Amino acid sequence: MATHAIMMAVMLAGAAPAAAQQAAQQAGSTVQQDFEAATALHDKGDFAAALARWQALEARTTKNPRSRALVQVRKGQTLLALDRKDEAVAAARLGLAGLPASDASLRGDRFTAFVTLGRVAEGSLDYASAAEAYGSAEQLTDVPIEQLIALRGLIQATTFIDPARADGALTRAEALVASNKADEAVRAMVKRLRGQLLLNQNAFEASRAASGEAVKLLGGLTTRTQIDDVPVRSNYAIAALLAGKKEDARRYMAMTGAGRLSKGSFDPGPQMKVPECGGEAGLKPGDVAVVEFSIDDDGVVRTSAPVYAAGGGGVALEFARAARGWSWTPEQVTRMPVFFRNRVRVELRCSTAFERPSVGTYLDGELGNWLADKKVAMPPMASGSDAAVLPQLRAHLVAVEAAQGREALALVPILHQLIHNAVVGREETNALARRELAIAVAHGAPPAARLAIDIMIWPTALAEGWKQDSQVRVLTAGLASAPYAQDPSARSALRLMIADAGRQNEQRARQLLTAVGADTALPANHPLRVGALVRLASLEQDAGNAPAAAAAFAQSGLSARQCALVDSAPRFLGVNAGANQFPMEAAQWGFEGFTTAQFDVSADGKVINQRVVVAYPPFVFSDAGMGVVKTARYEKSYRPDGGLGCGGNVQRVKFSMP
């Protein structure tokens with residue numbers, strides 16, 4: 001098997017589990033024989049049967065810690081293939097704990113365990129933990145194929161959280177492929193990763209050059225498109241566009257296969273909603289990201305990953321997480337060939353219609369106020385990226401521990417910065433947050449200050465704490481617990497967070513937000529009450545209940561100029577969108593797509609402040625979509641309080657060839 005095929009098989013191993021079957025221990029079989037049998041079942045994709053074998057072997061090896069650890073490592077692989085990720089992490093961790101690091105003969109098994117941990121974390125968009133795991137895996141092997149497996153994951157993760165580390169890892173990967181005569185597909189993968197890193201460092205010309213080399217290694221820009229061609233051609237197109245070479249960009253984008261379905265179409269999904277600006281990630285209207293995702297047969301997005309972001313790696317990851325909540329109808333899925341449901345890329349911006357106040361920021365403020373009352377000096381915020389700041393924070397922590405002891409209240413603000421650092425992995429974040437909470441509780445922290453820490457503990461206890469059902473479960477348990485249920489600020493904060501996490505359950509979200517808005521223990525202008533009413537207005541607007549949306553927003557005390565909330569929105573008169581609005585380059589290549597634009601309407605009926613929030617394919621129709629929307633005309637409207645007729649309107653524009 002070729003190097004590339006072997007590497008991809010290890011990286012992407014996984015198939016639908018076969019029907020479960022009991023694997024009874026064969027009379028007289030040795031542990032080694034059963035181990036080999038379980039391995040064979042896993043390798044042929046019979047994961048349910050393999051898991052039964054591993055579980056039986058666990059019971060047989062209770063008196064041999066080394067053998068039991070080996071079984072747990074392999075069991076972790078199988079659990080991952082079955083998509084039981086929290087169990088996979090637990091098994092891999094147990095295996096690592098039982099494999100002596102000093103035993104060189106076990107390096108391959110330790111490598112396997114760390115790759116399992118890396119794959120779980122990468123799939124969960126926990127790039128800090130992924131970087132830790134893949135970095136550990138790389139140190140355990142001198143086999144080129146295995147080194148490249150670890151380096152691929154390390155580069156993907158650190159591109160968005162620690163670009164300097166990604167650059168070093170890429171240098172090592174480039175040296176490996178040069179010295180081992182790797183095949184063209186492997187060399188193309190490394191060039192693609194180099195191009196993506198350069199893209200996110202705003203080195204657009206250098207990114208275009210690296211991505212162009214990857215395209216050549218895969219056979220050049222031809223009309224024949226394989227699945228591996230899609231990301232490298234797309235990366236080239238994005239870099240070319242951002243470098244100002246629009247014609248070149250659209251030509252390469254067309255050759256990704258995007259926008260060129262011979263049958264059917266790729267239409268926006270009914271739940272393809274962008275996140276509101278603000279929120280926990282602090283998204284800004286100027287932030288833009290390109291996200292890649294895949295749609296399963298049931299119409300649900302199963303995987304997503306960031307490709308590019310103007311605004312930083314945190315922005316990219318936030319949009320990639322948002323894509324996990326999208327879905328398409330079964331009818332739409334049947335119109336999309338399987339090829340076009342893999343590695344779909346869209347351009348995204350946040351919505352300004354209902355800018356969402358951050359609950360976490362409020363709670364952090366409560367923690368800061370309590371520390372100030374305790375006369376705890378807040379350490380100066382170090383400047384630079386999270387990766388650059390992290391060593392300074394660790395050194396400061398050690399210094400304060402040495403001077404004041406391990407239980408000193410002065411450690412809390414340092415620990416709090418550490419748990420919010422994007423380069424700190426999930427498991428370390430959980431341990432640091434637990435330590436911070438213990439110190440805060442010992443010194444009498446009030447509920448809202450404690451909650452600022454607990455909301456970091458609960459999700460980081462799970463490998464897939466980002467999932468909506470997991471978030472709702474742990475936050476709901478917190479809401480029912482002391483001291484939060486009795487504290488107005490804490491319970492209101494938790495209700496808002498549960499509503500955010502479980503927004504798809506509209507009835508439950510509406511009940512929670514209404515409860516916060518009606519909580520008489522909160523002042524009328526309390527930020528959590530305002531936040532609840534803004535969210536409630538957004539929810540009612542989505543449900544088509546304009547009067548309820550307007551009423552909720554009016555209670556917030558904010559200026560309600562959203563088009564859905566004004567007493568009578570300006571009437572739409574028409575749009576002047578002729579054939580000249582279709583981009584010439586896209587027409588030449590038979591290219592189709594869509595945009596969703598957000599805009600305001602001035603008092604004289606003109607469209608202003610137009611911006612694209614969703615575009616498919618990325619950047620191809622963005623300008624044209626805004627051009628179409630800009631030609632729209634509305635009735636003039638009298639607004640005594642200002643010149644804006646209404647804001648935050650949304651319009652979708654679809655570009656189709658005759």
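Side chains are part of it too, since the values below use all heavy atoms of this structure and drop only hydrogens, waters and symmetry mates. Just so it is clear, the structure is predicted and the values come from calculations on it, not from any experiment.
- Within a 6.0 Å radius of CD in Gln486, other residues, nucleotides and ligands contribute more than 12 heavy atoms.
- Note on Lys467 versus Glu464: salt bridge recorded, some NZ/NE/NH1/NH2 to OD/OE distance being below 4.0 Å.
- For Gln201, the CD atom sits in a packed shell: over 12 heavy atoms of surrounding residues, nucleotides or ligands are nearer than 6.0 Å.
- Side chain of Arg68 to main chain of Glu58: a donor-acceptor pair is present (N/O by atom type, distance under 3.5 Å, no hydrogens or angles).
- A donor atom on one side chain and an acceptor atom on the other are not found under 3.5 Å apart for Arg426 and Thr460.
- With sequence neighbours excluded, the residues that form a side-chain hydrogen bond (donor to acceptor under 3.5 Å, both in side chains) with Glu427 are Arg93.
- Only one option out of Arg434, Arg435, Arg394 pairs with Glu428 in a salt bridge (charged side-chain N to carboxylate O under 4.0 Å, His left out); it is Arg394.
- When the options Gln147, Arg110, Arg107, Glu146 are evaluated for a side chain to side chain donor-acceptor pair (under 3.5 Å) with Thr141, the one that passes is Glu146.
- No side-chain donor-acceptor contact under 3.5 Å links Thr159 and Gln196.
- No hydrogens or angles considered: nothing links the side chains of Gln77 and Thr116 as a donor-acceptor pair under 3.5 Å.
- Counting only N and O atoms by type, the side chains of Gln156 and Tyr127 include a donor and acceptor under 3.5 Å apart.
- With rounding to the nearest 0.5 angstrom, the OG1 atom of Thr514 is 7.0 Å from the CD atom of Glu540.
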